[in-house]
Participant: 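The structure under discussion is supplied below as structure tokens; questions concerning it will follow.
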Amino acid sequence: QVQLVESGGGLVQAGGSLRLSCAASGRTFSVYAMGWFRQAAGKEREFVGGINRRGGRTYGADSVKGRFTISGDFPKNTMYLQMNSLQPEDTAVYYCAADQSLAISTTASRWDYWGQGTQVTVSS
């Protein structure tokens with residue numbers, strides 16, 4: 001099993017920045033990809049982006065491209081999500097996910113492990 005713990009969420013004003021972290025523990029040698037999803041109230045879980053051990057990186061919605069940056073340190077079992085120019089529509093619970101394949105799937109059901117999530121609230 002792999003355990004994932006997110007941190008860094010909070011309340012920020014529009015235009016501000018936050019950096020989320022995800023720390024993995026347990027059978028981390030089996031993790032080949034890590035990703036971020038978010039889920040706003042009343043909406044489906046949305047793929048934000050992901051990274052794999054080969055350095056592959058994929059981003060989800062066009063709305064985050066150019067504002068969000070994913071980085072990872074697999075030897076340290078850590079992944080980050082730098083979020084800049086935050087907008088109220090970025091308000092959501094942000095989840096870390098991990099997978100035992102190199103594929104960075106945009107489909108939540110394809111990921112093997114999940115964290116509990118961290119709330120990000122952006123005020124206008």
Participant: Has the side chain of S105 got a donor or acceptor atom that lies under 3.5 Å from a matching backbone atom of T107?
Facilitator: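 The answer is yes, because a donor-acceptor pair under 3.5 Å joins these two groups.
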Participant: Is V48 isolated, or which residues cluster with it under the ILVMFWY side-chain rule of less than 4.5 Å, directly or via members?
Facilitator: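 Besides V48, the hydrophobic cluster comprises V2, L4, V12, L18, L20, V31, M34, W36, I51, Y59, V64, F68, I70, F74, M79, L81, M83, L86, Y94, Y113, V120, V122, listed by chain and residue number.
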Participant: For E6, which residues count as a side chain to side chain donor-acceptor pair (under 3.5 Å) partner, sequence neighbours excluded?
Facilitator: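 By the side chain to side chain donor-acceptor pair (under 3.5 Å) rule, E6 matches no residue at all.
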Participant: Contact between I104 and W111 at the side-chain level, heavy atoms closer than 4.5 Å - yes or no?
Facilitator: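 A side-chain contact exists here, since the closest heavy-atom pair is under 4.5 Å.
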Participant: Could you measure the distance from the CZ atom of R19 to the OG atom of S7? Nearest 0.5 Å is fine.
Facilitator: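 Going from the CZ atom of R19 to the OG atom of S7 covers 9.5 Å.
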Participant: Examine distances only and state if a side-chain atom of N77 and a backbone atom of T28 form a donor-acceptor pair shorter than 3.5 Å.
Facilitator: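 Checked: no pair found.
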Participant: Determine the minimum heavy-atom distance between Q87 and G15, stating which atoms define it.
Facilitator: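 Reported closest heavy-atom pair: NE2-N, 4.2 Å.
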Participant: Find out whether the Lys NZ or Arg CZ of R45 is both under 6.0 angstrom from the six-membered ring centre of W114 and within 45° of the ring's axis.
Facilitator: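 Yes, a cation-pi geometry holds between R45 and W114.
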Participant: Where do Q82 and S17 come nearest, in terms of heavy atoms and distance?
Facilitator: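 Scanning both residues completely, I find the closest heavy atoms to be NE2-CB, 4.0 Å.
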Participant: Could you pull out the closest heavy-atom pair between T91 and Q119, with the gap in Å?
Facilitator: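 Looks like CG2-NE2, 4.0 Å.
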Participant: If every non-hydrogen atom of S124 is compared with every non-hydrogen atom of A14, which pair is closest and at what distance?
Facilitator: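 Where S124 meets A14 most closely, the heavy atoms are CA-CB, 4.3 Å.
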Participant: Which heavy atom in S63 sits nearest to a heavy atom in R38, and how many Å separate them?
Facilitator: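 Taking S63 first and R38 second, the nearest heavy atoms are OG-NH2, 3.7 Å.
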Participant: Which distance, rounded to the nearest 0.5 Å, do you find between the CG of N84 and the OG1 of T69?
Facilitator: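 If we round to the nearest 0.5 Å, N84:CG and T69:OG1 are 6.5 Å apart.
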Participant: Drop me the distance from S21's OG to D73's CG, to the nearest 0.5 angstrom.
Facilitator: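 It is 11.5 Å, given to the nearest 0.5 Å.
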Participant: Does atom CZ of R27 have more than 12 heavy-atom neighbours from other groups under 6.0 Å away?
Facilitator: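 Not buried by this count: 12 neighbours or fewer within 6.0 Å.
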Participant: Are more than 12 heavy atoms, taken from residues, nucleotides or ligands other than R110, located less than 6.0 Å from that residue's CZ atom?
Facilitator: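 No, not enclosed.
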Participant: What are the two closest heavy atoms between Y32 and F29, and how far apart are they?
Facilitator: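 It is CE1-O, 3.9 Å.
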